[in-house]
Amino acid sequence: MKFEITKTDTNTRARAGVLQTDHGPIQTPIFMPVGTVGSVKGVHQHELSHDIQAQIILGNTYHLYLRPTMHIMEQAKGLHNFMGWQKPILTDSGGYQVFSLAANRKLTEEGATFRSHIDGSKHLFTPESVMDIERTIGADIMMAFDECPPYPSDYKYAKNSMELTHRWLTRCIKRFNETEPHYGHQQALFPIVQGSTYLDLRRQSSEFVAEQGMDGNAIGGLSVGEPAEMMYEMLDLCTSILPADKPRYLMGVGTPVNILEGIALGTDMFDCVMPTRNGRNGMIFTSEGIINIKNKKWENDFSPLDPNGTSYVDTDYSRAYVRHLMVAGERLAGQICSIHNLAFYLWLVAEARKNILEGTFSVWKTSMVQKLQTRL
RNA sequence: GUGGAUGUAGCUCAGUCGGUUAGAGCAUUGGUUUGUGGUUCCAAGGGUCGUGGGUUCGAGCCCCAUCUUCCACC
């Protein structure tokens, strides 16, 4: 998997590049909409590709393994064919679900046992089985199986967890190298840096990950409740160690401001449920600030949802109408807001890219961060 | 007209033997949401307990009158 950096910013560590996959190029920095079960909640694939112009989406190993199961995935000849999406896909490994389903988890050296949230049945994920599952799903980018420790974690827990993640990574890479793609297109494996909120662990983990020489590298275990400044401090260190000529992926982040800060620190890829989840609950991100469309003040505001927006929903529908749909509990409200938010996130990273290429990123970012935090 | 039932938050209703500041759901208002168990979660505002008397240390609750709405029968 080839990654070419077109330009690196002079004032920050931001870069603009292109990541080539067998399902097409990804222009970085990029935001990747989350499509956990083979569906970005409330948004059609057609809208994703045509209206939002998403370049890559996520699928989730944990969820797809439980349903529809790998038996179906194999028959469907992979997730691309199954869901009718011929652009790149990245699959999360299920490591985060082990963390978020902590009540039911049990970690051993071998792997993680957990109970299905669907029927309560017991399952075991190992680095090897997760690699096999991600091969079957057929993602262009597969994520290593890791443990995502909660915040706060004490030093000892964080260290043991990181070391376990490293041993699992070695097994992931071994299995990855011993197996072939099922559907003819190339797959990459990205390892994940852990280390909680401890700089020396983050350094150690970044170095270990960098040594593996994979096509791209991820930073996990952040945005799990720690202060934003702490996240930036960890990210700053990780990106200073991870190879500059490979894409860097900050997992699960975040707010529009988080993403701009992440780009400035040399991160190229982001994913987050925020635009879709918050959209379903009526929070709209715009270039002028944040709107809670449920608020009464929009009741008779017939101006466009977002006059500066790039999606058709921004000009076709008024704030009053979307508020009405939201208050009435209509599903269309969440769909409109999800489409808007995803389009906005994609616009934001495209705009960041443009400014990096034009050498104006730093100035643009400063003014943008200011506006993004405004509440309308 | 007679008999019975009913009246408590915007709506639908709880409210024990008469006892602390009358509660719930929905609705309203605001906040929340970070590698998606999610139309999420949290909180706030909102009351002359139909009205007027009475009994009692104390009444949403007991007594009297009156009004509202509903039902049945003339």
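Below, read A as the first sequence line, B as the second, and so on, with proteins coming before strands; counting in each chain starts at 1. Small disclaimer: the values here were computed from a predicted structure and weren't measured.
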- Query: Hey, does A:Ile192 reach any base, or is it just sugar-phosphate, or nothing, if we go heavy atoms under 4.0 Å?
  - Reply: base
- Would you check, one step at a time, whether the test ring pair (Phe, Tyr, Trp, His ring centres under 6.0 Å) holds for A:His324 with A:Tyr317? CA-CA 11 Å; A:His324 158 69; A:Tyr317 306 120; over 10 Å; no
- Between B:C64 and B:C26 - P atom distance, rounded Å: 39 Å
- Please state the P separation for the pair B:G52 and B:A59 - nearest whole angstrom. 15 Å
- Message: Please determine whether residues A:Val37 and A:Leu79 belong to a single hydrophobic cluster, defined as Ile, Leu, Val, Met, Phe, Trp and Tyr linked transitively by side-chain heavy-atom distances below 4.5 Å.
- Response: no
- Of B:U40, B:G31, B:U34, the nucleotide closest to the side chain of A:Asn295 is B:G31
- Report the distance from atom CZ of A:Arg277 to atom C1' of B:C41, rounded to the nearest whole Å. 10 Å
- Out of B:U32, B:G37, B:G35, minimum distance to the side chain of A:Gln97 belongs to B:G37
- Message: Regarding A:Gly95, tell me which of base, sugar-phosphate or nothing describes its non-hydrogen contacts under 4.0 Å with the strands shown.
- Response: nothing
- Task: Please evaluate the base of B:U36 for a donor-acceptor partner in the side chain of A:Ser100 within a cut-off of under 3.5 Å?
- Result: no
- Message: Counting the atoms with a prime plus P, OP1 and OP2 as sugar-phosphate, which does A:Asp92 contact under 4.0 Å by heavy atoms, base, sugar-phosphate, or nothing?
- Response: base
- Task: Between B:A14 and B:G7, how far apart are the C1' atoms? Round to whole Å, please.
- Result: 15 Å
- Message: Less than 3.5 Å apart, any donor N or O on the side chain of A:Thr91 or A:Glu134 sitting next to an acceptor on the other?
- Response: yes
Listing, residues 51-59 of chain A side-chain donor-acceptor contacts under 3.5 Å, not counting sequence neighbours, or none:
from, atom 1, to, atom 2, distance (Å)
A:Gln55, OE1, A:Gln27, N, 2.7

- Query: With distance as the sole criterion, do the side chain of A:Lys41 and the base of B:U39 form a donor-acceptor contact below 3.5 Å?
  - Reply: no
- Distance check: side-chain N/O of A:His63 vs OP1/OP2 of B:U36, anything under 4.0 Å? no
- Message: Both A:Val224 and A:Gly329 contact RNA chain B. Which one's nearest nucleotide lies toward the 5' end?
- Response: A:Val224
- Message: Over 60° means perpendicular and under 30° means parallel, so tell me whether A:Tyr62 and A:Phe114 are parallel, tilted or perpendicular.
- Response: tilted
- Task: Using whole Å, report how far CG of A:Asn281 lies from P of B:C42.
- Result: 13 Å
- Message: Considering every strand and a 4.0 Å limit on heavy-atom distances, what is the contact class for A:Gln194: base, sugar-phosphate, or nothing?
- Response: base
- Query: Taking CE from A:Met143 and P from B:G35, how many angstroms apart are they, rounded to a whole number?
  - Reply: 14 Å
- Among B:U33, B:U29, B:U34, which is the nearest nucleotide to the side chain of A:Asn278? B:U33
- Query: At under 4.0 Å between heavy atoms, what does A:Met326 touch on the DNA or RNA strands: base, sugar-phosphate, or nothing?
  - Reply: nothing
- Task: Looking only at side-chain atoms of A:Ser223, point me to the closest of B:G35, B:U39, B:U34.
- Result: B:U34
- Item | Closest to the A:Arg323 side chain, choosing from B:G35, B:U40, B:U29 | B:U29
- Message: I'd like the P distance from B:U8 over to B:G50, given in whole Å.
- Response: 6 Å
- Counting any heavy atom closer than 4.0 Å, what does A:Arg67 reach on the DNA or RNA strands: base, sugar-phosphate only, or nothing? nothing
- Message: Work out how far the C1' atom of B:U16 is from that of B:G30, and round it to whole angstrom.
- Response: 36 Å
- Message: Less than 3.5 Å apart, any donor N or O on the side chain of A:Tyr183 or A:His80 sitting next to an acceptor on the other?
- Response: no
- Looking only at atom C1', what distance separates B:U68 and B:C49, rounded to whole Å? 15 Å
- Message: So A:Val327, base contact, sugar-phosphate only, or nothing? Heavy-atom distance under 4.0 Å.
- Response: sugar-phosphate
- Task: Report the nucleotide, chosen from B:U36, B:U34, B:G30, that has the shortest atom-to-atom distance to any side-chain atom of A:Thr276.
- Result: B:U36
- With respect to the side chain of A:Arg331, which nucleotide from B:U34, B:U39, B:G35 is positioned closest? B:U39
- Any N/O donor-acceptor pair, A:Asn292 side-chain to B:G30 base, under 3.5 Å: no
- Message: Rounding to an integer number of Å, can you tell me how far A:Glu134 CD sits from B:G35 C1'?
- Response: 12 Å
- Using only heavy-atom distances, decide whether a donor-acceptor pair under 3.5 angstrom links the side-chain of A:Arg280 to the base of B:U36. yes
- Message: Please verify the inter-ring angle class for A:Phe285 with A:Tyr345; under 30° counts as parallel, over 60° as perpendicular, anything in between as tilted.
- Response: perpendicular
- Roughly how far apart, to the nearest Å, are B:G47 and B:G4 at atom C1'? 29 Å
- Mind calculating the distance between NZ (A:Lys297) and P (B:U28) to the nearest angstrom? 18 Å
- For A:Asn258, report the nucleic acid contact type (base, sugar-phosphate, nothing); a contact means any heavy atom under 4.0 Å. base
In a table with atom names and distances, give each donor-acceptor pair under 3.5 Å that connects a side chain of residues 162-169 of chain A to protein atoms at least two apart or in another chain.
from, atom 1, to, atom 2, distance (Å)
A:Glu163, OE2, A:Lys159, NZ, 2.9
A:Thr165, OG1, A:Glu147, N, 3.0
A:Thr165, OG1, A:Ser161, O, 3.2
A:His166, NE2, A:Ser205, OG, 2.9
A:Arg167, NE, A:Glu109, OE1, 3.3
A:Arg167, NE, A:Glu109, OE2, 2.7
A:Arg167, NH2, A:Glu109, OE1, 2.8
A:Trp168, NE1, A:Glu109, O, 2.9

- Note on the structure: A:Glu226 CD to B:U34 P, in whole Å, measures 12 Å
- Is there a donor in the side chain of A:His340 and an acceptor in the side chain of A:Ser338, or the other way round, less than 3.5 Å apart? no
- Hey, does A:Asp146 reach any base, or is it just sugar-phosphate, or nothing, if we go heavy atoms under 4.0 Å? base
- Whole-Å C1' distance, B:G15 and B:A22: 8 Å
- Once you round it to whole Å, what is the distance between P of B:G31 and CD1 of A:Ile290? 11 Å
- Task: State the dot-bracket string of RNA chain B. Criteria: Watson-Crick or G-U wobble, both atom distances under 3.5 angstrom; notation: ( ) intrastrand, [ ] crossing earlier pairs, | interstrand, . unpaired.
- Result: (((((.(..((((.....[...)))).((((.........)))).....(((((..]....)))))).))))).
- Item | Interatomic distance where CD1 belongs to A:Ile293 and P belongs to B:G30 [whole Å] | 11 Å
- Message: Is the distance between the ring centroids of A:Phe302 and A:Tyr321 under 6.0 Å?
- Response: no
- Query: Is A:Arg280 reaching over with its side chain to a backbone N or O of A:Gln335, donor-acceptor style, under 3.5 angstrom?
  - Reply: no
- Nucleotide nearest A:Val34 (side chain, heavy atoms from C-beta), chosen from B:U36, B:U34, B:U33: B:U36
